[in-house]
Amino acid sequence: MQRGRIDATTLAGGVDLQSTVESGQSYLWSREDETTYERDRAHGGDAWYWTTLRPTDRDDPAVCRVRQREGALEWESHVDADPHLRRLLRLDDDLAAIAADAPDDELLRAAFDAYRGMRIVRDPPFGSLISFICSAQMRVARIHAMQTALRRAYGEPITFDGETYHAYPTPAALAGASEAELRDLGLGYRAPYVLRTAEMVESGEAGPEEAGDLSYEAARESLTRFVGVGEKVADCVLLFSLDFLEAVPLDTWIRTTIEEYYPDCDRGSYAETSRAIRDAFGGEYAGYVQTYVFHYLRNGGTVA
DNA sequence: TAGATACCTTATAG
DNA sequence: ACTATAAGGTATC
């Protein structure tokens, strides 16, 4: 096992691990079993979180777990997790600059102040695509439970520190599933979407990472060719996996926010409303703004 | 092109 | 206990 730590004071704008991985941006991180880590729970908020990696220079997938403690991210892994964590948690983003550049409006400022250190994630493209296909009309806890079920059913088992983990399934593994099996895991009508999308990726017909070469709106359009991917899910994959920080997924929360705080931005169609709210959120980093606002409002934050 | 409807399943409200 | 409703929407008509 390798271990390491990343001093949070070396990261511009700091880091808040819990907010980053539990704010509904990613369904590919899990909290360690609470009963196994009573000791950590006593410290409050410094639980271990884990995910799996597929380092290119290694045959087997690797486990990476991390917790935030005493101003640092402490990690344990099969491999040197430092570069992986910097990539997956976007530790190079300058949060102070992003917050400073955001439009000076009461709601946005309150949201940034409430969750200092929260970062956008950079999930692996395939896992991001599948998990957000699963997100349709579903609650956060259940979306996460679906990904855990997919790991256990189709992901390669990995032993780490005496425990068994499961890698996120490969496109081939998911493409080999049946619709009935996926329905049994509780995916409902999303089962054929996940299956057909996995088949598209496995066959080489299309890959989510290909959208990364396109301009933002063309990339969003491109992703909608995957079954079960509409404009909202496409925006989630662009923002939380493919580095399009200007993407603003128009979900029910943001639509409610638009109604209440930015009524002029409601232009009817997704594309036009998206442009308007993207401008209202400052353009280049509008997705960051969206994530702060989403998390703030979802946890009951308000503006007088 | 814009609008209406069905869709799996589960948790929560009433 | 039992029914209605909504949950980070999409495909289809």
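Labels below follow one simple rule: chain letters A, B, ... track the order of the sequence lines, proteins then strands, and each chain is numbered from 1. Only this structure's heavy atoms are used, side chains among them; waters, hydrogens and symmetry mates stay out.
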Protein-nucleic acid N or O pairs under 3.5 Å, nucleotides 11-14 of chain B:
none

Seminar exercise, completed: Rounded to whole Å, CD1 of A:Ile143 lies from C1' of C:dA6 at a distance of 13 Å

For this session: Could you tell me whether A:Ser23 contacts a base, only the sugar-phosphate backbone, or nothing, with contacts defined as non-hydrogen atoms closer than 4.0 Å?
Result: base

For this session: Give A:Gln290 one of three labels, base, sugar-phosphate or nothing, depending on what nucleic acid heavy atoms sit under 4.0 Å from its own.
Result: base

Exercise. Looking only at atom P, what distance separates C:dC13 and B:dC8, rounded to whole Å?
Worked result: 14 Å

Problem set entry | A:Thr52/A:Arg151 under side-chain hydrogen bond (donor to acceptor under 3.5 Å, both in side chains): CA gap, chis, key distance, verdict | CA-CA 10 Å; A:Thr52 51; A:Arg151 282 182 185 274; 2.9 Å; yes

Exercise. Hey, where does DNA chain C pair up into stems, meaning at least three consecutive Watson-Crick or G-U pairs with distances under 3.5 Å?
Worked result: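 Only these stems qualify: B:3-7 with C:9-13, B:9-14 with C:2-7.
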
Exercise. Is A:Glu259 salt-bridged to A:Arg255, cutoff N-O under 4.0 Å?
Worked result: no

Exercise. Under 4.0 Å between a Lys/Arg side-chain N and an Asp/Glu carboxylate O for A:Asp235 and A:Arg220?
Worked result: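 So A:Asp235 pairs with A:Arg220 through a salt bridge.
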
Exercise. Given C:dG9, is OP1 or OP2 found less than 4.0 Å from the side-chain N or O atoms of A:Gln137?
Worked result: yes

Exercise. Does A:Arg190 place a side-chain N or O at less than 4.0 Å from the phosphate oxygens OP1/OP2 of B:dC8?
Worked result: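 Result: no.
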
For [X] and [Y], test the side chains for any donor-to-acceptor distance below 3.5 angstrom and give the result as yes or no.
{"X": "A:Tyr168", "Y": "A:Gln147", "answer": "yes"}
{"X": "A:Glu181", "Y": "A:Tyr154", "answer": "yes"}
{"X": "A:Arg298", "Y": "A:His295", "answer": "no"}
{"X": "A:Tyr262", "Y": "A:Asp105", "answer": "yes"}

For this session: Could you walk me through whether A:Tyr261 and A:Glu106 pass side-chain hydrogen bond (donor to acceptor under 3.5 Å, both in side chains), step by step?
Result: CA-CA 10 Å; A:Tyr261 298 95; A:Glu106 201 178 350; over 6 Å; no

For this session: Check the angle between the aromatic planes of A:Phe132 and A:Tyr27 and answer parallel, tilted or perpendicular using the 30° and 60° thresholds.
Result: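 Rings of A:Phe132 and A:Tyr27: perpendicular, over 60°.
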
For this session: Let me see the working for A:Arg65 and A:Tyr165 under side-chain hydrogen bond (donor to acceptor under 3.5 Å, both in side chains), right down to the final yes or no.
Result: CA-CA 11 Å; A:Arg65 65 185 179 204; A:Tyr165 296 80; 2.9 Å; yes

Could you go over nucleotides 10-13 of chain C and give all protein N or O partners under 3.5 Å, atom names and distances?
unit_1 : atom_1 : unit_2   : atom_2 : d
C:dT10 : OP1    : A:Gly230 : N      : 2.9
C:dT10 : OP1    : A:Gly230 : O      : 3.4
C:dT10 : OP1    : A:Val233 : N      : 2.9
C:dA11 : OP1    : A:Gly228 : N      : 2.7
C:dA11 : OP1    : A:Val229 : N      : 3.4

